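First the structure, in the form of structure tokens, and then the observations on it.
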Amino acid sequence: MNPIAHSPHAHAPASISKVMGTVLLALVPATLYGFWLYGWPAIFLWSITVASALIGEAFVLRVRQRPVRPALLDGSATLTAWLLALSLPPFAPWWLGVVGGLFAIVVVKQVFGGLGQNVFNPAMAARVMLLISFPVEMTMWAAPTPLSGEHALSFAQGLAITFGGAQWDTMASASLLGHVKTEFTRGVDLLHSLPGYFEAGDALSGHRVGSFGETSAVLLLLGGVFLIVKRIITWHAPVAMLLGVALPAAIAHAIAPEHYLAVLPHLLSGGLILGAFFIVTDPVTSPNTSAGMFVFGFLCGLLTWIIRTWGGYPEGVAFAVMIMNALTPIVDRYIKPRIYGRDRKGTALPAKKGA
Amino acid sequence: MMFFEKFFGGLRGGVHPEGKKQLSAECPIRSVPLPQKLYVPLQQHIGAPAAPVVKVGERVLKGQLVAAAQGNVSAPVHAPTSGVVSALGDHVAPHPSGLPVPTLTIESDGQEEWVALAGIEQPLELAQEDIAARVAAAGIVGLGGATFPSALKLNLSRASGVQTLILNGGECEPYLTCDDRIMRERAAEIVEGIALIAKAVAAQEVLIGIEDNKPEAIATMQAAAQGSAIKVVAMPSMYPMGSEKQIIQVLTGKEIPAGGRPADIGVLVHNVATAWAVQQAIRYGRPLISRIVTLSGGAMRTPCNVEALIGTPVEELLTVAGGLVPPVARMVLGGPMMGQQFTDMRVPVVKGTSGVLALTASETGQAEASPCIRCSTCVRACPIGLLPLEMAAFIRVSDLASSVALGLKDCISCGSCSYVCPAHIPLVHYFNYAKGDLAAQERGKLKQEATKKLADARNERMARIERERAEAAAKRKAAREAKERAAKEAAEKAQQESSASESA
Amino acid sequence: MLIAIISLSILGAALGLFLGVAARRLAVEGNPLVAEIQDILPGSQCGQCGYPGCAGAAQALADGSAPITLCPPGGRAVVQLLAAKLGVEANLSDVEESVPKVAEVKEEICIGCTRCFKVCPTDAIMGAAQQLHSVFREACTACGKCEEVCPTESIKLQPIPVTVQSWYWQKPPMKEAA
């Protein structure tokens with residue numbers, strides 16, 4: 001043992017649970033709005049996803065003979081499950097949440113060594129797994145049925161949807177990106193398929209078809225700005241990701257508006273805002289440096305646009321993030337801060353007499 | 001890449017710990033009642049320990065040389081008061097190891113009788129070499145905490161040519177106000193000291209860098225420097241602004257080349273308190289036997305600044321500050337960012353002691369380390385541009401070579417990374433362990449090479465002795481054989497002769 | 001079936017022959033590695049590793065029949081050099097347990113017999129017959145030969161005392177919180 005404690009003898013008021021707690025706080029408005037928008041099924045789905053993730057975390061930690069309580073209390077498992085739940089269709093059956101939550105924590109996080117060791121973003125990896133394994137359930141979108149509105153679902157109806165597999169007539173709808181992709185395969189171009197389907201106002205407020213936490217761009221944006229102000233995340237990755245989608249979208253749309261969606265529907269659709277502020281900023285699976293974060297975010301955005309435009313799936317955020325997670329070590333290898341007194345290559349600066 | 005740096009960089013790294021300077025900033029420098037016993041370590045500086053020149057039982061006068069510098073990098077030590085040398089032996093030292101070091105114990109006689117001092121009326125007329133020589137004789141070392149012998153710095157800088165002299169009034173460590181107070185109360189002396197240093201190295205430009213959280217010090221120094229070529233510059237308050245590398249970067253825009261010294265880019269940095277000590281040494285001939293110490297912290301009853309004799313035990317200082325308010329979580333010598341914890345209250349004030357802090361548990365903010373979440377807060381905090389999280393991960397698995405490749409040797413151990421880490425990982429502790437281990441390995445390697453040479457020499461000698469012995473044996477054998485042969489021949493001859501004579 | 005077996009057997013035999021010939025024709029004479037390893041080892045031939053001197057140890061290291069942590073006097077520096085040379089992982093935890101030591105003479109019971117003095121591989125012991133011996137620390141490799149021959153057990157290996165100059169921070173304790 002060292003006889004005495006090493007300096008510093010002061011510490012910034014920061015801890016992992018504080019970091020995670022702040023991110024959770026930033027998600028609260030969008031989540032509450034999602035609860036209101038989709039009613040009981042969303043609340044059930046969210047609860048069951050978070051619960052299964054926590055149970056999975058506790059189980060693995062017991063098996064690994066690690067202390068369970070501090071790990072559960074640090075909020076990282078909750079955050080993972082929360083983000084996953086926000087990216088699920090609101091009327092998805094309960095087992096989708098369970099499988100997703102367990103997969104995210106047990107396979108993607110703990111198998112790789114637990115907190116801080118995972119290569120891929122657990123929430124996105126779980127979403128990708130669910131999308132590939134259960135494509136039907138993962139694309140059963142529902143039109144919003146606000147809790148206070150006339151079509152509001154009762155508690156019992158909610159139970160029936162989440163746990164009983166009941167079908168509902170509002171569930172036939174498709175999300176914007178899905179609709180566009182389907183119409184394309186039928187040979188209908190954007191000029192004809194889009195009108196009446198995209199309203200920027202609806203997209204901002206979130207009153208539209210989509211995953212239950214992804215629909216309200218304004219509230220997510222608010223949460224993201226809150227995190228930047230709180231210095232939990234930096235602006236580099238989010239801004240770069242939005243740019244990564246917006247730049248190619250703007251160019252392509254200017255050239256062929258009938259084939260390529262405009263910038264605004266791109267930015268406000270699917271999981272882009274959620275991804276930009278809450279997913280690519282995940283510290284564990286993103287690069288170390290600010291410049292690295294910018295490159296990482298931009299490539300995430302670019303890949304998202306490419307997958308959305310030419311890929312087989314209508315939405316590409318999760319795939320793009322996973323691909324870039326795999327490339328993070330390479331980004332870190334090539335983008336390092338310049339060390340004081342050295343040039344970029346690491347050789348010492350020349351001693352300049354009289355300079 | 002330059003684009004990236006400009007776009008993302010700005011003033012890089014650094015942290016903003018809570019200053020806590022208001023605790024003691026308004027307290028004028030107080031004196032400390034003369035302690036009965038003073039414990040003066042022989043090594044209070046970087047380099048070789050000083051060699052004692054007095055005997056136990058001998059009476060010494062205040063300011064008398066008691067231990068002389070040894071070798072090129074060293075500094076002499078002087079008696080802080082008059083009295084009798086009562087012991088020369090091990091005493092607890094301000095060192096993280098807690099190991100005792102050779103220390104002179106001086107029992108004061110209360111007379112405070114000064115040795116004859118050789119002051120100078122017109123100090124600025126001294127020759128450059130004389131200034132450096134007097135600074136060396138006065139035992140002055142860097143009072144900012146690095147304790148590098150100041151005269152050596154003057155000589156090195158004069159030899160290599162210095163354009164810019166920077167006076168470090170940054171004092172970026174939280175709590176500490178000793179430099180703040182000395183600038184406010186002894187500005188005129190400091191300015192004269194600066195002029196002497198500037199003369200000693202023939203500097204063309206003189207800058208005093210003071211953090212902007214000390215407006216009174218800035219104003220006082222500006223007033224004192226009026227009419228001279230000295231420029232007072234306000235710097236943003238940020239830790240570690242008072243680090244040599246950072247203050248140079250902020251004030252001149254230049255960087256010290258990796259592995260180099262400020263002199264490589266024509267800069268010399270001295271602490272403002274050092275300038276005061278230089279002035280005292282040259283104008284009045286007083287050696288460095290006291291310094292300003294800040295007593296502060298949440299568990300200190302009345303935080304204040306004191307002028308303490310070198311060798312004063314900390315417990316004596318605490319009485320000036322009204323004692324401690326329990327519970328005390330940690331006692332620290334120096335600032336909270338780079339200072340050392342200590343447990344023995346008999347530890348003496350040395351030339352590098354800038355503060356004594358009594359910290360509460362909430363001030364230290366310590367917690368168990370948890371796993372790294374790669375949040376990179378440490379990367380953004382590092383003023384050098386290192387990747388603390390990656391370096392620590394390598395050191396954890398004993399891969400020191402990889403951490404060196406990432407720039408371990410450029411680390412200044414400022415502790416910014418540990419300070420901000422939300423997982424409470426002791427990053428800078430890892431780095432100091434690794435640096436120590438590498439140095440030990442280096443020593444081991446040198447010893448290995450030396451002993452190998454000795455072993456080879458011995459083997460060769462053994463072989464030579466063996467060979468010589470064999471040669472000698474062979475020679476003896478040859479001689480014996482020759483003798484035998486000669487005898488035989490003689491015998492044969494004799495026989496022949498006798499037979500011949502018989503036949504004849 | 002038969003054709004397959006035969007053709008594969010022929011193929012195998014031919015390739016085996018080719019490899020055999022190649023191994024013979026392209027064989028490197030001697031093993032330069034042994035000499036290089038010997039350069040790394042202390043060369044004091046103390047035999048603590050259990051091999052006949054440093055050359056024997058070098059041979060065993062080159063064969064891979066000895067662990068790179070075999071050399072107590074070499075310490076961690078040698079382990080690391082060996083690890084780099086042989087391209088294996090250096091497991092320093094085995095070495096750290098043996099604290100660095102040097103020989104020390106208990107002056108009260110030294111009889112000045114000069115036996116230690118004669119066996120010291122690095123000439124680290126000073127003294128003459130009927131005189132007190134003392135150890136030159138900087139040259140002692142703690143090989144222990146002197147300890148073996150001392151008739152009065154006056155010379156012993158002692159851990160090197162830590163000084164303010166040699167002290168450094170220990171590695172932070174590894175605690176897994178999660």
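Nothing here was measured: the structure is a model prediction, and the numbers come from that model. Each chain gets a letter, A, B and so on, in the order its sequence line appears, and its residues count up from 1. These values consider heavy atoms only, across backbone and side chains, with no hydrogens, waters or symmetry-generated copies.
For the side-chain hydrogen bond (donor to acceptor under 3.5 Å, both in side chains) condition, the pairs that include at least one residue of residues 136-160 of chain C, sequence neighbours left out, are C/E104-C/R137.
In the displayed structure, C/L15 atom CG is contacted under 6.0 Å by more than 12 heavy atoms of other residues, nucleotides or ligands.
B/N459 touches chain C through its side chain: at least one heavy atom from C-beta onward sits under 4.5 Å away, while N, CA, C and O do not. Only the side chain of C/V78 comes within less than 4.5 Å of a heavy atom of chain B; its backbone N, CA, C and O stay farther away.
The two residues B/H429 and C/W169 have their closest heavy-atom pair at NE2-CE3, 3.9 Å. Minimum heavy-atom separation, B/T451 to C/A139: CG2-O, 3.1 Å. Shortest non-hydrogen contact noted between B/S97 and C/V164 is OG-CG2, 4.4 Å. In plain terms, the two heavy atoms of B/K452 and C/L41 that are nearest each other are NZ-O, 3.2 Å. A pairwise comparison of heavy atoms in B/R461 and C/D123 identifies NH1-OD2, 2.8 Å as the closest pair.
Atom CD of residue B/Q43 and atom CD of residue C/Q165 lie 5.5 Å apart, to the nearest 0.5 angstrom. Note: C/S166 OG to B/L99 CG = 8.0 Å, rounded to the nearest 0.5 Å. The CG atom of C/L81 lies 7.5 Å from the CD atom of B/Q448; values are rounded to the nearest 0.5 Å.
Proximity to chain C at a heavy-atom threshold of 4.5 Å picks out nothing from residues 409-420 of chain B.
Judged by distance alone, with hydrogens and angles left aside, the side-chain atoms of C/K171 form no donor-acceptor pair with the main-chain N or O of B/A434 at under 3.5 Å. Checking side-chain atoms of B/K447 against main-chain N and O of C/C140 turns up a donor-acceptor pair under 3.5 Å.
Donor-acceptor pairing under 3.5 Å is lacking for the side chains of C/Y168 and B/N432.
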